[in-house]
Amino acid sequence: MAEFASTAADSETLTVMGGGLVGSLLALYLAQHGHSVEMFERRPDIRKAGPVEARSINLALSDRGWRALEGVGIAESVRDVAIAMHGRMMHAVQGQLTYQPYGQEGQSIYSVSRAGLNRRMLDLVERNSRIRVAFNQQCQRVDLRQQTVDVLDTELGQSRTIPFRRLFGVDGAYSAVRAALQRTDRFNYSQHYLDYGYKELTIAAAPGGGWALEKHALHIWPRGQYMMIALPNLDGSFNCTLFFPFEGPASFAALQTPAQVRTFFEQVFPDAVPLMPELETEFFENPTSSLVTVRCYPWTHHDEVLLLGDAAHAIVPFYGQGMNAGFEDCTVLHELLSRHGHDWNTIFQEFQQVRKPNADAMADLAVYNFEEMRDRVADPRFLLQKKIESKISAQYPNQWLPLYSQVTFSHLPYAEAWANGQQQEQIMQRLMPHIQSEEDYQRPEVQALVAAEMARRRA
């Protein structure tokens with residue numbers, strides 16, 4: 001792990017508001033560049049919470065995230081507690097299973113516990129002599145003119161005012177730092193909620209501690225207007241997430257009693273119900289959460305404030321890229337710090353100019369993938385199209401990489417991946433009417449069509 005030392009004159013104390021995954025990673029990168037870092041986290045120290053309080057959804061870690069973790073020397077220790085998921089396992093209502101690999105041989109996304117990863121990163125933060133971290137610190141007000149932050153210690157009930165020279169807002173989708181920027185002139189902001197919420201449920205470990213479902217897969221129960229997914233845990237259980245409309249005939253509003261919940265699940269997810277002994281209890285005890293996309297700009301205020309992660313670009317979770325995109329923010333900032341030293345104005349401006357188009361593209365991709373996972377992954381024609389795309393990729397590896405692989409298994413900017421994916425989808429719409437089976441791909445007329453499309457792409 002490289003150390004980027006600064007002279008005493010260059011280094012300064014930087015303020016990081018938010019000590020979650022992206023905030024912790026950011027603090028580690030800033031410390032690498034020789035700066036002292038003060039990090040303030042609204043929540044209590046997750047490492048001191050009990051197993052129930054610390055329980056949280058699982059995250060899908062992919063190449064962009066691994067690259068960021070490698071930069072602070074934590075990747076291998078995270079790999080020890082990550083479970084490789086090689087593909088999607090779709091569950092039909094009748095119980096049939098359909099498997100779709102994510103990428104080529106050896107390419108996987110990894111199920112990691114949010115709480116477990118956060119604990120490991122906080123351990124690394126606290127071992128770094130350049131970083132000071134304070135928990136239970138709620139940001140109440142940011143005064144941009146005076147360059148101060150008012151924080152409330154929720155444990156002691158005491159408020160204090162903290163001056164800052166440079167403030168990094170990494171405090172999530174409902175960022176207090178961003179709220180201050182929203183009151184500045186010509187700050188653009190929008191938030192868009194899906195008509196869907198989500199609820200966390202559990203598939204129990206098999207007797208003896210094994211996995212009741214395939215361990216190395218992300219499981220999906222696609223049901224048209226809603227779906228459930230499950231990611232594996234080290235103890236043999238799976239964290240399930242039900243993505244479900246708030247209102248309507250099949251919705252959270254419609255399921256009001258334990259009997260209604262059980263009847264619905266037995267009809268719609270029959271193979272999962274025997275594996276969910278706490279279904280009714282969890283359904284009513286666990287919160288129903290909303291799904292929001294946040295877009296804003298600029299992400300900076302002069303060379304004094306910078307937004308990163310969900311504070312700048314919260315997205316819905318359906319591409320598994322929210323954490324990875326936030327981690328990539330840190331990688332990009334690290335590269336800019338290496339290139340521009342302490343020219344903060346240039347660093348901040350270039351950061352937002354580079355990342356904003358990619359954040360917008362990823363927001364679009366996340367909604368697109370929700371519709372695909374919910375509606376299309378159970379469609380035989382969709383599955384056939386994916387197989388044909390894999391054949392094209394194998395035949396023309398320098399010209400065709402599936403969209404999912406561009407996003408998940410490469411470092412190509414999200415905006416380029418999205419543009420490529422849209423172009424490839426148009427090509428597939430022209431090809432698929434000529435293809436009714438995998439074998440059709442080898443027909444001379446289909447090969448001629450594919451060759452013509454590839455030539456058009458090269459032109």
Side-chain angles (χ1 to χ4, degrees), residues 20-21 42-60 83 85 91 111-119 172-174 193-206 211-213 218-223 225-292 310 314-318 320 322-323 366 370 373-374:
L21 294 173
R42 174 179 54 83
R43 295 162 300 184
D45 188 342
I46 193 171
R47 295 167 299 175
K48 298 176 181 176
V52 175
E53 292 87 341
R55 190 168 184 81
S56 180
I57 63 172
N58 282 27
L59 300 164
I83 299 176
M85 299 181 291
H91 296 246
S111 174
V112 294
S113 158
R114 176 192 291 273
L117 180 56
N118 208 169
R119 286 192 194 98
Y174 303 101
Y193 285 93
L194 294 183
D195 294 329
Y196 290 75
Y198 69 92
K199 186 179 289 288
E200 298 300 325
L201 303 166
T202 307
I203 284 178
W211 289 266
L213 302 173
L218 189 154
H219 294 263
I220 307 177
W221 288 260
R223 297 297 184 262
Q225 290 306 303
Y226 48 88
M227 68 175 180
M228 185 169 73
I229 68 171
L231 281 73
N233 293 313
L234 293 170
D235 65 0
S237 67
F238 286 79
N239 278 103
C240 300
T241 309
L242 174 66
F243 296 101
F244 208 39
F246 281 110
E247 289 93 21
S251 68
F252 286 117
L255 302 181
Q256 293 295 318
T257 68
Q260 288 174 333
V261 169
R262 177 156 290 272
T263 298
F264 175 78
F265 271 73
E266 286 176 343
Q267 290 173 347
V268 178
F269 308 119
D271 62 333
V273 172
L275 311 176
M276 306 175 76
E278 302 297 322
L279 171 61
E280 292 95 333
T281 301
E282 288 190 328
F283 191 91
F284 290 104
E285 287 187 357
N286 292 353
T288 301
S289 303
S290 57
L291 295 161
V292 66
D310 284 354
I315 60 174
V316 294
F318 303 110
M323 171 186 65
F370 173 45
M373 291 170 71
R374 183 191 67 193

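For reference, positions follow the sequence shown, starting with 1.
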Indicate the ring-plane relationship of Y226 and F244, choosing parallel, tilted or perpendicular according to the 30° and 60° boundaries. perpendicular
Report the distance from atom CG of L201 to atom CD of E278, rounding to the nearest 0.5 Å. 11.0 Å
Testing the basics here: between M85 and P232, what is the closest heavy-atom pair and its distance to 0.1 Å? SD-CD, 3.5 Å
For the residue pair C240 and E200, what are the closest heavy atoms and their distance? O-OE1, 3.1 Å
Measure across M227 and I220 and return the closest heavy-atom pair with its distance rounded to 0.1 Å. SD-CG2, 4.3 Å
Please assess F246 against S251 for the test side-chain contact (heavy atoms from CB on, under 4.5 Å), listing each intermediate value before the final yes or no. CA-CA 5 Å; F246 281 110; S251 68; over 6 Å; no
As an exercise, state the distance from CG of L231 to CG of N239, rounded to the nearest 0.5 Å. 7.5 Å
Kindly give the heavy-atom pair with the smallest separation between P258 and F284, and that separation in Å. N-CE1, 3.6 Å
Working to the nearest 0.5 angstrom, can you tell me the gap between L242 CG and M228 CE? 7.0 Å
Is the H219 ring parallel, tilted or perpendicular to the F238 ring (thresholds 30°, 60°)? perpendicular
If the plane angle is over 60° it's perpendicular, under 30° parallel, otherwise tilted; pick one for F269 and F264. perpendicular
Looking only at non-hydrogen atoms, find the nearest pair between I203 and A230 and report the distance. CD1-CB, 4.5 Å
Main chain of S237, side chain of D235: is a donor-acceptor contact present, judged purely on distance under 3.5 Å? yes
Can you check side-chain contact (heavy atoms from CB on, under 4.5 Å) on F370 and L291, steps first, answer last? CA-CA 11 Å; F370 173 45; L291 295 161; 5.9 Å; no
On a heavy-atom basis, which atom in A212 and which in A206 lie closest, and how many Å separate them? N-CB, 4.1 Å
Spacing of OG1 belonging to T257 relative to CZ belonging to R262, to within rounding of 0.5 Å: 12.0 Å
Distance col, row L59:CG vs R114:CZ, nearest 0.5 angstrom, shows 4.5 Å
CG-OG1 distance between N233 and T202, expressed to the nearest 0.5 angstrom: 8.0 Å
Should the pair W221 and H91 be assigned to parallel (<30°), tilted (30 to 60°) or perpendicular (>60°) ring geometry? parallel
So does S111 get a backbone contact from the side chain of N58, meaning a donor-acceptor N/O pair under 3.5 Å? no
